[in-house]
J.: 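Below: one structure in structure tokens.
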Number of protein chains: 2
Amino acid sequence: MPKSGRNKVSSLQDLADLAGVSRATASRALNDNPIISARTRKKLQALARKHGYSINRQARDFRLRRTSVISVVFMLDVESQQHMSDPFFLDMLGGIADALADHDYDLLLAHAPIANILDVKESRVMRQSDGVIFIGQEQQLEQLNQLAEDGQLMVVWGYPVPDKKYVVVGGDNVGGGYKATKHLLEIGRRKIGFFGATNNPENAARHEGYLKALSEYNVDPDPTLKVDVPFEMLRAREAIIDMLDSQVELDAVVCISDVMALATMSTLQELGLRVPQDISVVGYDDITLAAYSSPQLTTVRQNIRHAGRILVESVLGLINGENVPDTMLSSELIIRNSCGAK
Amino acid sequence: MPKSGRNKVSSLQDLADLAGVSRATASRALNDNPIISARTRKKLQALARKHGYSINRQARDFRLRRTSVISVVFMLDVESQQHMSDPFFLDMLGGIADALADHDYDLLLAHAPIANILDVKESRVMRQSDGVIFIGQEQQLEQLNQLAEDGQLMVVWGYPVPDKKYVVVGGDNVGGGYKATKHLLEIGRRKIGFFGATNNPENAARHEGYLKALSEYNVDPDPTLKVDVPFEMLRAREAIIDMLDSQVELDAVVCISDVMALATMSTLQELGLRVPQDISVVGYDDITLAAYSSPQLTTVRQNIRHAGRILVESVLGLINGENVPDTMLSSELIIRNSCGAK
DNA sequence: GAGATTGTTGCAATCGATTGCATGATTTCA
DNA sequence: TGAAATCATGCAATCGATTGCAACAATCTC
């Protein structure tokens, strides 16, 4: 059996004894402290490898009074108290997890269970981690601000609203809305609707980009073309039908999300309208299904995995006492069939 | 200001000093140890509350030689090395997180980055947690078995394949496939296709349920009605078109997932076929979009949040040295429009 | 060759809790 | 009243690492 005395060396002391040095020397050697002679260092490192020993992080973190843990808090939708399970969150989580692993941090997952985030303040999430990443700020500006003022190291995925007191990483929502709309204008559309609730900062920004593009093309925004479909979308279909019933002209739609866009497309098709021939549709997020719908959905993609990495770099920067700026990640228009060829 | 001397009491010693007792007594009091008089206990607990003190879990876990951490490992698709970002995983994660929180455990998130899970063995995921939950066993039976044999406390979300040596929690895939198919048979369909790759145990089980239902209705399974669309589905559309081109008769389709079902529906509609009038379609998973497609998708729902809870109960049972059986969670057929009324 | 300098390693305190055992106080019982 | 039993609390070791300071050895300088 090639197993050479395993399971024996379980502490620094064991290793030190084995090497005939003190615990202190062993500790320094494994941490590559130059105060220890190169020979001793190599020797101990080799020994550690041979016996499959590695430093007990729990003990180390305890001694060093840190946790090596970053909490990730998923905010709940204020109204529905529901998880905002946009499909892309899992990707973002993946990005975060990878980045944290690279930096030797752990990821503690939680979600704000109550409307009042502050209730989380005294919880493990806050007390037992070196920093917190909030996903989705929604309308909870006040409470997030308060946490930030209490000295919590935190980064929020969302949109930099004016009075925020924390670091924000977010997509270029204005740019995304702008690109989507501009493309529709370029291919000749003029009666462009905007579907989706704009009651949170990110969506409002997308709408702002929409308006910006319209104004560049000297198209007056038509308020009747804006449909404020709520998050749940249960009534997306009705809202769309209502609008079409009211005889407005419409030749394109910018949607707040892919889910909304897919619901829109199927509603339109149901009503006998052709996408994109009669009406162009553009979504937002580039979820997996976007590529498999019929027609395939033109949409705005945010590099969500990369966003996860940036979020991590940001908290870690905070932990290191750096001055961390907000980050805005660019969005990219993915042109597929649902908008019609240029 | 109502803040009465905060930020002072940060260790048991502080609290003990404040109460005029020893550290030991304080510890026992907070842990409701009956050896301490009720009066002293109440007094210390009140004091702790008043000063916002709570036991430092890091120190406690260190002392007690445990981690209070459960790792959750998301398996990667073997071929594509891609995250299996089925939308419902986030829900499951939510369920797991909640259940762990209830039991005062933390959740460490990771994913098996390499084809070889064993490489994770020496990583923090394994060494720094009291147990592991694997999501999605795919074809990695061998390696999972080996981990289990090495004494790793682990529970796997998947399907109980014959030679497994670990605890499995999974949906009733046979039952799900059976219910979906049976319903189609009940409403008179007979040429029922099965769309989706069956190269992993869970999907194979769904197919098994499909066959079972057919046989109950004395319908001979037609192999040409089985389309083995790969996970990525890039070619789902082509595969479907190919099949229809070959002039087979088809009046219904059971799909391996909702994503597949949605792709199928749009392909069929594109070809001028009506769903459900010409062809019924049934999916699996009940993703959010299933309720918003047109027609709304009939699908098999697994209570995925509940599954998360069961997974947690199972690892915790393992940790407590209990004999934990496999669990199979029932599946429910959600009847919507895409299959046609009964 | 003596003193100063530099290089290497060890001693022991420390992080914040838990817990076996000892001790002192109180009650019980004959 | 005195011994035994019971109750309540404290002492001090312990978990596994890190690190300031001291100590000793080796090298250098004049």
Side-chain angles (χ1 to χ4, degrees), chain A residues 7-49 51-69 104-106 122 124 126-130, chain B residues 7-45 47-48 51-69 104-106 124 127-130:
Chain A
N7 306 3
K8 305 270 206 174
V9 184
S10 64
S11 76
L12 255 187
Q13 187 68 71
D14 293 349
L15 190 71
D17 291 349
L18 219 63
V21 300
S22 74
R23 199 162 71 244
T25 301
S27 169
R28 294 188 173 108
L30 293 189
N31 287 315
D32 250 333
N33 188 325
I35 217 175
I36 298 294
S37 70
R39 206 158 54 84
T40 312
R41 258 184 290 159
K42 296 302 163 217
K43 178 174 137 198
L44 277 159
Q45 289 169 7
L47 208 57
R49 215 171 311 120
H51 291 274
Y53 169 81
S54 64
I55 288 174
N56 180 327
R57 288 182 49 104
Q58 197 184 11
R60 156 193 267 171
D61 285 340
F62 173 52
R63 174 62 229 258
L64 264 27
R65 316 177 82 174
R66 68 180 184 201
T67 66
S68 289
V69 168
D104 221 18
Y105 269 81
D106 280 345
E122 292 297 321
R124 312 185 53 190
M126 305 297 172
R127 302 180 57 250
Q128 296 278 110
S129 59
D130 299 338
Chain B
N7 306 2
K8 306 269 207 175
V9 184
S10 64
S11 77
L12 255 187
Q13 187 68 72
D14 294 348
L15 190 71
D17 290 350
L18 220 63
V21 300
S22 74
R23 200 163 71 244
T25 301
S27 169
R28 294 188 174 108
L30 294 188
N31 287 316
D32 250 332
N33 189 325
I35 217 174
I36 297 295
S37 70
R39 206 157 55 83
T40 311
R41 257 183 291 160
K42 296 303 164 218
K43 177 174 138 199
L44 277 160
Q45 289 170 5
L47 208 57
H51 291 274
Y53 169 80
S54 66
I55 288 173
N56 181 325
R57 290 183 47 105
Q58 197 183 11
R60 157 192 267 171
D61 284 341
F62 173 52
R63 173 63 230 258
L64 296 179
R65 314 176 85 173
R66 68 181 182 200
T67 67
S68 289
V69 168
D104 221 18
Y105 269 81
D106 279 345
R124 311 184 55 190
R127 303 180 56 250
Q128 296 278 107
S129 59
D130 299 338

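Heavy-atom basis, side chains included; hydrogens, waters and symmetry copies ignored. Per chain, numbering begins at 1; letters A, B, ... match sequence-line order.
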J.: Which heavy atom of A:Ser68 sits nearest a heavy atom of A:Arg57, and at what distance?
T.: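 Looks like CB-NH2, 2.9 Å.
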
J.: Would A:Val9 and A:Leu47 count as a side-chain contact (heavy atoms from CB on, under 4.5 Å) if you check the C-alpha gap in whole Å, the side-chain angles of each, and the deciding distance to 0.1 Å?
T.: CA-CA 10 Å; A:Val9 184; A:Leu47 208 57; over 6 Å; no

J.: Can you check nucleotides 8-11 of chain C for protein contacts, nitrogen or oxygen pairs under 3.5 Å, and list what you find?
T.:
| unit_1 | atom_1 | unit_2 | atom_2 | d |
| --- | --- | --- | --- | --- |
| C:dT9 | OP1 | A:Thr40 | OG1 | 2.9 |
| C:dT9 | OP2 | A:Ser37 | N | 3.2 |
| C:dT9 | OP2 | A:Ser37 | OG | 3.1 |
| C:dT9 | OP2 | A:Thr40 | OG1 | 3.1 |
| C:dG10 | OP1 | A:Ser22 | N | 3.3 |
| C:dG10 | OP2 | A:Ser22 | N | 2.8 |
| C:dG10 | OP2 | A:Ser22 | OG | 2.9 |
| C:dG10 | OP2 | A:Thr25 | OG1 | 2.3 |
| C:dG10 | O6 | A:Arg28 | NH1 | 3.1 |
| C:dG10 | O6 | A:Arg28 | NH2 | 3.3 |

J.: Measuring only between side-chain heavy atoms, which start at C-beta, is A:Arg60 closer than 4.5 Å to A:Arg63?
T.: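 A:Arg60 does not reach A:Arg63 side chain to side chain.
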
J.: Could you tell me whether a side-chain N or O of B:Gln58 sits under 3.5 Å from a main-chain N or O of A:Arg65, the two making a donor and an acceptor?
T.: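 Between the backbone of A:Arg65 and the side chain of B:Gln58 there is no qualifying donor-acceptor contact (under 3.5 Å).
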
J.: Can you name the nearest heavy-atom pair linking A:Ala29 to A:Ile36, along with the distance?
T.: N-CG1, 4.1 Å

J.: Looking at every heavy atom in both A:Arg28 and A:Ile35, which two are closest together, and how far apart are they?
T.: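 Result for this residue pair: CD-CG2, 3.8 Å.
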
J.: What are the two closest non-hydrogen atoms of B:Leu12 and B:Tyr53, and how far apart are they?
T.: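 The answer is N-OH, 3.4 Å.
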
J.: Give me the first and last nucleotide of DNA chain D, going 5' to 3', that has any atom under 4.0 Å from a heavy atom of chain B.
T.: D:dA8 to D:dG16

J.: For side-chain contact (heavy atoms from CB on, under 4.5 Å), just list the numbers for A:Val69 and A:Asp106, CA-CA rounded to whole Å, side-chain angles, deciding distance to a tenth of an Å, and then say yes or no.
T.: CA-CA 5 Å; A:Val69 168; A:Asp106 280 345; 3.9 Å; yes

J.: Pick the closest DNA chain D nucleotide for A:Asn31 and for B:Arg41 by heavy atoms, then say which residue is nearer the 5' end.
T.: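 Result of the comparison: B:Arg41.
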
